[in-house]
Amino acid sequence: GNSVTQMEGPVTLSEEAFLTINCTYTATGYPSLFWYVQYPGEGLQLLLKATKADDKGSNKGFEATYRKETTSFHLEKGSVQVSDSAVYFCALTLTGGFKTIFGAGTRLFVKA
Amino acid sequence: DVKVTQSSRYLVKRTGEKVFLECVQDMDHENMFWYRQDPGLGLRLIYFSYDVKMKEKGDIPEGYSVSREKKERFSLILESASTNQTSMYLCASRQGPETQYFGPGTRLLVL
């Protein structure tokens, strides 16, 4: 079946550290891939997306590359800030499908 | 600016009560979704709707029902609330297979 697996948290980093949150997926067909972010007390919002293999999504200094050969979509940021503290969800939607499959979420804490 | 609103941010109900959670979107989206979010489990789909009066069960529909009488409004109903339905409920809307837009969530406590 279709699924998304992301690294367990929490992840704790100091400000200006490099961030990687791993995400791998299993899907039939060719999914679109997403990273959503949830700040404390809020709903999820789109961080970035990629719709085909080798596409790179980027936003607010975050990047992720759609790797079909390794079925991965790892999230990276070169220098995190305290304001990046949030829960990050990796997700996929199959082309023509209604459902979006979410990973379990990874909580990030950034210390000043 | 796109917007999805939910009727309550926090709700406290007693076991056995009928609970209504409402969601409204202003983007004319066809697809609307109800999820529950629990620690360590991520988001789980309860129901979704792809058109007015159309609904499909998600992964955990037991104990819930939904109503979509107008395109912009999607309601989640707990027919008889139980303590295991204490959770965060998130509504979302989407046009086609692309980005979902989420409301701020309703944190429901069932006593």
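Proteins come first, then strands; the chains are lettered A, B, ... in the order of their sequence lines, and each starts at number 1.
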Self-check item: Verify same cluster id: A:Phe34, A:Phe102 (apolar side-chain graph, 4.5 Å)
Solution: yes

Quiz item: Roughly how far, to the nearest 0.5 Å, is the OG1 atom of B:Thr99 from the CG atom of A:Leu48?
Solution: 10.0 Å

Self-check item: Contact class of A:Gln6 relative to chain B, heavy atoms under 4.5 angstrom
Solution: neither

Quiz item: B:Gln100 and A:Tyr36: which non-hydrogen atoms are nearest, and at how many Å?
Solution: N-OH, 2.9 Å

Quiz prompt | Single-linkage hydrophobic cluster B:Leu41~B:Val110, side-chain heavy atoms < 4.5 angstrom | solution = no

Quiz item: How about A:Glu69: does its CD atom have over 12 heavy atoms from other parts shown lying under 6.0 Å from it?
Solution: yes

Quiz item: Sub-3.5 Å donor-acceptor pair from the side chain of B:Arg9 to the main-chain atoms of A:Gly41, do we have one?
Solution: yes

Quiz item: Would you call A:Thr100 and B:Phe33 a side-chain contact if the rule is heavy atoms closer than 4.5 Å?
Solution: no

Quiz prompt | Atom OH of A:Tyr39: over 12 foreign heavy atoms under 6.0 Å | solution = yes

Quiz item: Passes side chain to side chain contact (heavy atoms under 4.5 Å, CB included), B:Phe48 versus A:Lys99? Steps please.
Solution: CA-CA 8 Å; B:Phe48 66 98; A:Lys99 292 172 65 173; 4.1 Å; yes

Quiz prompt | Exam field: side chain B:Tyr101 to backbone A:Leu44, donor-acceptor pair closer than 3.5 Å | solution = no

Quiz item: Can you name the closest pair of heavy atoms from A:Ala104 and B:Gly40 and give their distance?
Solution: CB-O, 3.9 Å

Exercise. Answer yes if B:Leu76 and B:Phe74 sit in the same cluster of Ile, Leu, Val, Met, Phe, Trp and Tyr residues linked by side chain heavy atoms under 4.5 Å apart, and no otherwise.
Key: yes

Exercise. Locate the shortest heavy-atom distance separating A:Phe89 from B:Leu43; write the atom from each residue and the value.
Key: CE2-CD1, 3.7 Å

Quiz item: Take atom CD in A:Glu8; do more than 12 heavy atoms of anything else shown fall under 6.0 Å from it?
Solution: no

Quiz item: So with a 6.0 Å cut-off around CZ of B:Arg44, is the heavy-atom count from everything else above 12?
Solution: yes

Quiz item: Quick one: what part of B:Glu56 sits under 4.5 Å from any heavy atom of chain A, side chain, backbone, both or neither?
Solution: neither

